[in-house]
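Whatever order the structure lists them in is the order used to number ligands and atoms, beginning at 1. Starting from 1, each residue takes its place in the sequence as its number.
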Amino acid sequence: SVTLEHGSKRLGKRTDPMMGVWRNYGLGQFIHWGLYAIPGGHWDGKYYSGAAEWIRSWNEMPKNAYDELYKVFDPKAYDPKAWAKQAKDMGAKYMIITTKHHDGFCLWPSQYTDYSVAKSPYNKDIIGPMVEAYDAEGIDVYLYFSVMDWNHPGYRSKLETKEDEEAYEGFKEFTRNQLLELLAFYPSTKGLWFDGTWDQAWIQQAAFADELEEEMRSVIPGLIIGSRFRADENGKRHFDTNGDLMGDYEQGWERKMPNRIEDVNGNDWDCVMTVPENQWGYHSDWKGHVKSSVELIEMMVKAASLDGNFVINFGPDGQGNIRPEESLIAKEVGEWMESNAEAVYDCGYLDWEKQDWGYYTRNRKTGNVNLVVFNYPASGKLRVKVPKGIKIQGIDLIGTNGGTIDLEEIHRDEYFLGLPKGTDHTKPVVLVMKIVEGD
Ligand SMILES: C#C[C@@H]1N[C@@H](C)[C@@H](O)[C@H]1O
């Protein structure tokens, strides 16, 4: 390995309590909200097929027309307490809110720019009441912040001239000021979720970003920052030149998931997922495949089975309404979590051989083995291979199902678990197994 000034600061997972809480979340909520929710994927009668929060980049969208939208930002339906209650009922343990997306519009009254809610008809802080409402529900809040900022005059995607470099110095100072401002305004935040850090101009700021990360961590000890914030001095992102993880967890799983434990390289990670194929901000006309609550539950359980967290995205509309499709998902996921959450919260990878019927998760607090069945076997029997030295002490069917499990030993350390007739497998079926380790 090579010596790096600005590479990974730690080998292996963080072992402090704050990261331990993060590791056990299981389920989170992402909220993408901003000016882009006003056009909602349309402009001048035309349909924008891209991600709604990128509509400013669409050549059919006049940039100045977009930049004037703040003059009509006045979300009468905004009700952060209702949002937080809905997230609580869904079972979310953390929430990530876009304080500023790529367009540069700030949902908090930043003293470093006029392009914020303070200059809109709404003229009140959006972020503060949201943080309070989610804190009150016991849901940890993380602040999403886009380094890329299409509004700031000093922003550059690359530095080609002396003028670029001088302008960018001002942009770097502005970025630092806003981040320190966010931590000062909202000190209960548990971490920052960075985005828009792929530009060459930013990647070249390894020393600045490293120092800024240290400074932010000193402001809020234990602050959790993912691998997407900064590059090392060789421009390496997420993993430094030696292949070691930048930041506290891997932040590359956006709209995609690992398939095997080897894919996560022994790191903490979370997957952030859209409900349609690729819409984070509000688009009034979702096209293509829209994920069902069972699909999202399966992704959530798969994440837990591979030592990760799963985050479902919500994109409120321009008035601050949560759209019906997302409210239905929150309701259905919440109903399942109500009696099955022990298979997700505090759970992680179990090194038993993966079976076709679904996923194993291991509850770190109880030691129980959870079997979450998505592919119900035609025989009604789950094949379970138990590693040598493990004894099954008891098995319960949890959730809305009841009845006893018929345990049949096929041969040494391999069993069929017979599920009761009439088991409702229209939703994922969960069994909790108590095991005894050692001969
Ligand atoms: C690309 C990109 C951005 N990253 C996701 C988390 C959304 O914010 C999307 O706009």
Side-chain angles (χ1 to χ4, degrees), residues 27-41 43 48-58 61 63 66 69 92 94-108 126-127 130 141-151 155 157 175 178-179 182 191-203 224-231 237-238 246-258 269-284 286-288 290-291 296 299 303 308-318 323 326:
L27 178 61
Q29 177 190 40
F30 217 145
I31 296 179
H32 274 75
W33 200 33
L35 297 183
Y36 40 77
I38 297 169
W43 189 258
Y48 174 51
S49 60
E53 69 284 358
W54 277 75
I55 195 168
R56 188 181 184 276
S57 67
W58 184 29
M61 177 89 206
K63 302 294 171 270
Y66 184 94
L69 287 171
Y94 67 128
M95 186 276 284
I96 306 162
I97 174 61
T98 50
T99 61
K100 179 178 88 168
H101 204 261
H102 309 329
D103 60 4
F105 183 69
C106 302
L107 292 186
W108 81 99
I126 290 278
I127 300 297
M130 201 184 299
V141 173
Y142 290 71
L143 304 178
Y144 167 110
F145 181 91
S146 173
V147 170
M148 180 161 78
D149 181 325
W150 298 326
N151 181 267
Y155 164 73
S157 60
T175 299
Q178 283 206 315
L179 286 168
L182 283 168
L192 295 167
W193 206 95
F194 285 98
D195 202 4
T197 55
W198 47 77
D199 287 323
Q200 272 315 307
W202 179 254
I203 289 170
I224 293 171
I225 296 173
S227 62
R228 197 179 287 194
F229 176 54
R230 63 185 181 88
R237 299 181 66 228
H238 293 286
M246 303 288 275
D248 303 320
Y249 64 95
E250 189 186 349
Q251 221 184 325
W253 302 104
E254 181 176 313
R255 295 193 302 117
K256 61 184 181 188
M257 294 194 76
W269 60 278
D270 70 2
C271 166
V272 290
M273 187 58 73
T274 49
V275 175
E277 181 50 35
N278 185 16
Q279 291 296 339
W280 298 90
Y282 177 76
H283 197 304
S284 59
W286 280 354
K287 290 209 186 321
V290 176
K291 298 174 191 74
L296 293 163
M299 291 177 181
N309 290 325
F310 187 70
V311 182
I312 301 174
N313 182 71
F314 284 59
D317 71 15
R323 66 195 300 152
E326 292 170 353

- [ ] Provide the number and element of each atom of ligand 1 under 4.0 Å from a heavy atom of Asp195.
- [x] 3 (C), 4 (N), 5 (C), 6 (C), 7 (C), 8 (O)
- [ ] Output the list of atoms in ligand 1 that are nearer than 4.0 Å to some heavy atom of His32, sorted by atom number.
- [x] 6 (C), 7 (C), 8 (O)
Counting only nitrogen or oxygen atoms and a 3.5 angstrom limit, does [X] reach ligand 1?
{"X": "Trp193", "value": "no"}
{"X": "Trp280", "value": "no"}
{"X": "His101", "value": "yes"}

Check for me whether the distance between the ring centres of [X] and [Y] falls short of 6.0 Å.
{"X": "Phe105", "Y": "Trp150", "answer": "no"}
{"X": "His32", "Y": "Tyr144", "answer": "yes"}
{"X": "Phe30", "Y": "Trp280", "answer": "yes"}

- [ ] Note the single closest protein heavy atom to atom 2 (C) of ligand 1, along with its residue, its atom name and the distance in Å.
- [x] Glu254 OE2, 3.7 Å
Task: Minimum-distance protein heavy atom relative to atom 10 (O) of ligand 1 - done: Glu53 OE2, 2.7 Å
Shortest non-hydrogen contact from [X] toward [Y]:
{"X": "Pro316", "Y": "Trp33", "result": "O-CD1, 3.3 Å"}
{"X": "Ile127", "Y": "Thr98", "result": "CD1-O, 4.3 Å"}
{"X": "Tyr94", "Y": "Asn309", "result": "OH-CB, 3.2 Å"}

